[in-house]
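Worksheet: the structure to be examined is printed underneath.
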Amino acid sequence: MKPPLHRRTTFHFLGILWIATALLPALAEDAPSQGPKGPWMDKALSPDRRAELLVGQMTLDEKLTMVHGGVGTGSAAQSIGGAGHVAGIPRLGIPDIQMTDGRSGVANAGPRGRYATALPSALACAASWDQKVAYEFGALIGKETRDLGFHISLGGTANLIREPRNGRNFECFGEDPILIGKMLGRALKGTQDQGVVGNINRFAVNDQETGRRVGSAILERRAMRESDLLAFEVAIRESGVGTVMCAYNKLNSEYACDSSYLLNDVLKKAWAYQGWVMTDWGAAHSTVKAALAGLDQEMPTGTYFGDALKAAVLKGEVPMARLDDMVRRILRTEIALGIMDNPIAARPVNPFTGAETAQRIAEQSTVLLKNSNRCLPLAASRVKSIAVIGSHADVGVLSGAGSDQVDAAGGNPVPGGRAVWHPSSPLKAIRAKVPQARVEYDPGTDLDAAVKLAAASEVAIVFVNQFNSEGRDVPSLSLADNQDQLVSRVAAANPRAIVVLETGGPVTMPWIGAVSAVLEAWYPGIRGGEAIANILFGVVNPSAKLPVTFPKSEADLPHPKMFAPPGFTVGNFTTIAGQLPPFDIHYSEGAKAGYKWFDAEKKEPLFAFGFGLSYTTYSYSGLQTAALQRPAVTFRVTNTGQRAGSETAQIYVSLPAAAGEQFRRLAAWEKVPLAPGETKTVTLDLDPQFLSIFNTEKDAWELLPGEYKVYVGGSSRWTPLAGSMRLSGAQ
Ligand code: BGC
């Protein structure tokens with residue numbers, strides 16, 4: 001079984017990756033043994049037919065083996081050290097299944113002396129707004145998952161960032177369902193194209209860690225379908241992902257893994273989902289109820305779907321047909337994604353190409369939030385002295401903890417705490433850019449010493465961080481450990497103060513007016529230091545945009561205080577223990593999550609959703625709308641500056657008054673590469689579903705007839721083009 005969360009977060013990977021790679025042939029596992037040939041191995045048959053043939057061969061006990069994890073069940077299958085495993089049926093050629101987490105790289109590699117590439121966080125990937133980047137992100141995870149001998153990658157968080165203090169926001173793809181669905185969909189497609197089974201999680205509305213096993217998210221159905229569930233729907237449709245993980249929490253007072261509405265009605269019927277539903281780890285709560293609600297597999301044990309399910313089937317409480325359906329779904333997915341026909345055998349991971357990919361993604365993901373007086377990029381040939389301050393920037397970059405944790409290659413350079421730092425030193429990377437300059441480091445713990453160094457340097461780069469972890473929400477959006485004070489003091493001492501943020505999600509910035517430049521680098525992965533230096537010195541022109549709103553203050557959020565059980569404090573690790581009183585999490589804002597809330601409430605954010613600067617500038621012109629075959633929008637975007645860059649042009653739409661929405665929705669976007677002075681004409685189709693409301697009475701999407709206002713620009717708050725289109729509603 002996987003080690004407890006707190007141990008996983010502090011695990012130090014001791015192996016030196018290149019040595020480990022050299023040793024790999026000796027570590028390679030055998031391919032799973034092949035069972036006797038049967039008609040179900042005929043690749044000319046469809047996965048569904050082959051699965052049916054297999055189910056017809058299986059005994060009751062064999063079927064039951066497949067619907068729960070092997071931990072604590074006396075299963076013959078051996079874990080290879082991932083999060084979970086399920087025994088196969090060797091006589092039929094069904095392999096054991098090994099699962100590992102993989103939201104920003106493959107977890108659980110270190111304990112086996114293996115290397116896995118630490119990519120930037122999923123939220124960073126979303127900040128690229130680039131579906132090619134998302135595919136590359138997912139493909140690398142898929143490839144390494146397979147190379148490390150695992151069959152299922154438990155990646156793919158589709159939850160909306162409704163709660164900016166959620167400790168797992170770094171695993172998410174933002175606050176907008178279309179952005180999440182499209183970016184995650186591409187990532188999952190990339191993963192599955194490598195011959196492993198992907199996973200989308202945590203279904204559904206699992207948006208805070210505080211009380212995650214007892215809290216009940218309360219959300220009205222229309223809002224749910226138009227926001228949180230839409231993110232899952234789009235990502236599943238775009239990727240054909242093989243497994244869905246139901247969440248720990250309750251949704252509208254019913255456990256997610258017991259919810260027939262979620263699993264049967266929405267996922268399997270409305271979305272015609274063909275894959276299987278597994279629980280989050282320990283998220284099963286019943287046998288008969290869950291089985292009838294559409295749950296297909298309990299992980300990582302067989303508490304409810306082992307002997308208890310056998311008894312329920314024998315008593316007829318769960319029809320044999322339902323058990324057969326669980327097994328058929330598992331088998332047809334394994335067959336369709338190649339797990340049965342192409343047995344998985346571990347082989348060396350290439351750390352070099354992995355790191356290059358990680359760096360490219362980090363460079364596409366770093367958001368330039370402020371740049372007064374063109375403070376950035378720094379001119380490498382002219383800078384004489386730089387102070388690098390804070391956040392262990394001498395040795396590494398921060399990562400998020402919990403089941404998303406990728407072990408630090410070569411060990412955590414900041415041992416002893418809960419946080420893992422990847423050994424990619426921003427200080428070294430900055431020094432490499434300016435060999436002639438004096439570049440000195442101060443840890444930032446003694447404010448007077450940091451101020452002294454800043455005052456004696458031409459430029460002061462302050463690194464600050466916010467540590468996020470599964471199992472622990474952040475108590476507030478303020479930077480911890482006096483870091484706000486550090487930035488303010490450095491900014492007072494040096495007029496060219498540049499802040500580099502390594503955060504899991506949004507933070508507040510009381511010092512924003514005093515600093516010259518701000519870069520949001522998120523958790524940037526194994527080459528984060530190099531990527532940050534390339535942005536600082538203009539080797540790479542920033543092109544990322546925020547996938548989540550940064551509020552000025554928590555008072556502006558839909559819920560200024562986080563929901564917690566009575567008498568319980570947010571931010572305590574024991575929140576996941578499960579011995580807490582049940583409580584409700586009232587998402588009374590409904591579909592108005594993130595920027596939609598700020599728009600509807602007319603609140604000014606610190607940095608808006610979709611915002612991000614570049615070292616060049618862009619202008620927009622020539623908006624045309626058409627609504628003949630399909631709604632479409634055409635416009636021109638021009639690079640009006642001196643450098644090549646890529647602009648993410650965003651289309652927002654507001655619906656006719658009958659929709660009752662006081663906000664605009666993101667409907668489409670395109671990342672447009674532009675040479676200096678270049679203009680491109682962009683035409684984007686708008687998916688009618690993204691302009692529709694969910695009519696709960698009809699239980700169907702409905703495109704309302706009327707006038708749709710269209711806004712185009714470089715962020716949710718900067719839309720220089722405005723027009724409208726009339727839709728008949730009969731699209
Ligand atoms: C997490 C899941 C993860 C699973 C397996 C659970 O605690 O919530 O996201 O996939 O553990 O590690």
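Note that ligands are numbered from 1 as they come in the structure, with each ligand's atoms numbered from 1 the same way.
Under the 4.0 angstrom criterion for non-hydrogen atoms, D101 is in contact with ligand 1. Heavy atoms of M299 come nearer than 4.0 angstrom to ligand 1 in no pair at all. Contact between R168 and ligand 1 is present, with at least one heavy atom of the residue lying under 4.0 Å from the ligand.
Classification of E144 and R114 as a salt-bridged pair fails, no side-chain N sitting under 4.0 Å from a carboxylate O. Ionic pairing of D280 and R212 is not present here: no N-O contact between side-chain nitrogen and carboxylate oxygen is shorter than 4.0 angstrom. Between K310 and D307, no side-chain nitrogen of the basic residue sits less than 4.0 Å from a carboxylate oxygen of the acidic one, so the salt-bridge criterion is not met. A salt bridge links R202 with E171: the closest approach of a Lys/Arg side-chain nitrogen to an acidic carboxylate oxygen falls below 4.0 angstrom.
Near A83, with a cut-off below 4.0 Å to any heavy atom, the atoms of ligand 1 are 5 (C), 12 (O). For ligand 1, the atoms sitting less than 4.0 Å from at least one non-hydrogen atom of M245 are 10 (O), numbered in the order shown with element in parentheses. When each atom of ligand 1 is checked for a heavy atom of R212 under 4.0 Å away, the hits are 7 (O), 8 (O).
Considering backbone and side-chain atoms together, R103 places an N or O closer than 3.5 Å to an N or O of ligand 1. Close N/O approach between D280 and ligand 1 is found [any backbone or side-chain N/O within under 3.5 Å].
Under a cutoff of 6.0 Å and an axis angle of 45°, K250 and Y255 form a cation-pi pair. Cation-pi geometry between R418 and F467 is not met: the NZ or CZ atom fails to fall both under 6.0 Å from the ring centre and inside 45° of the normal.
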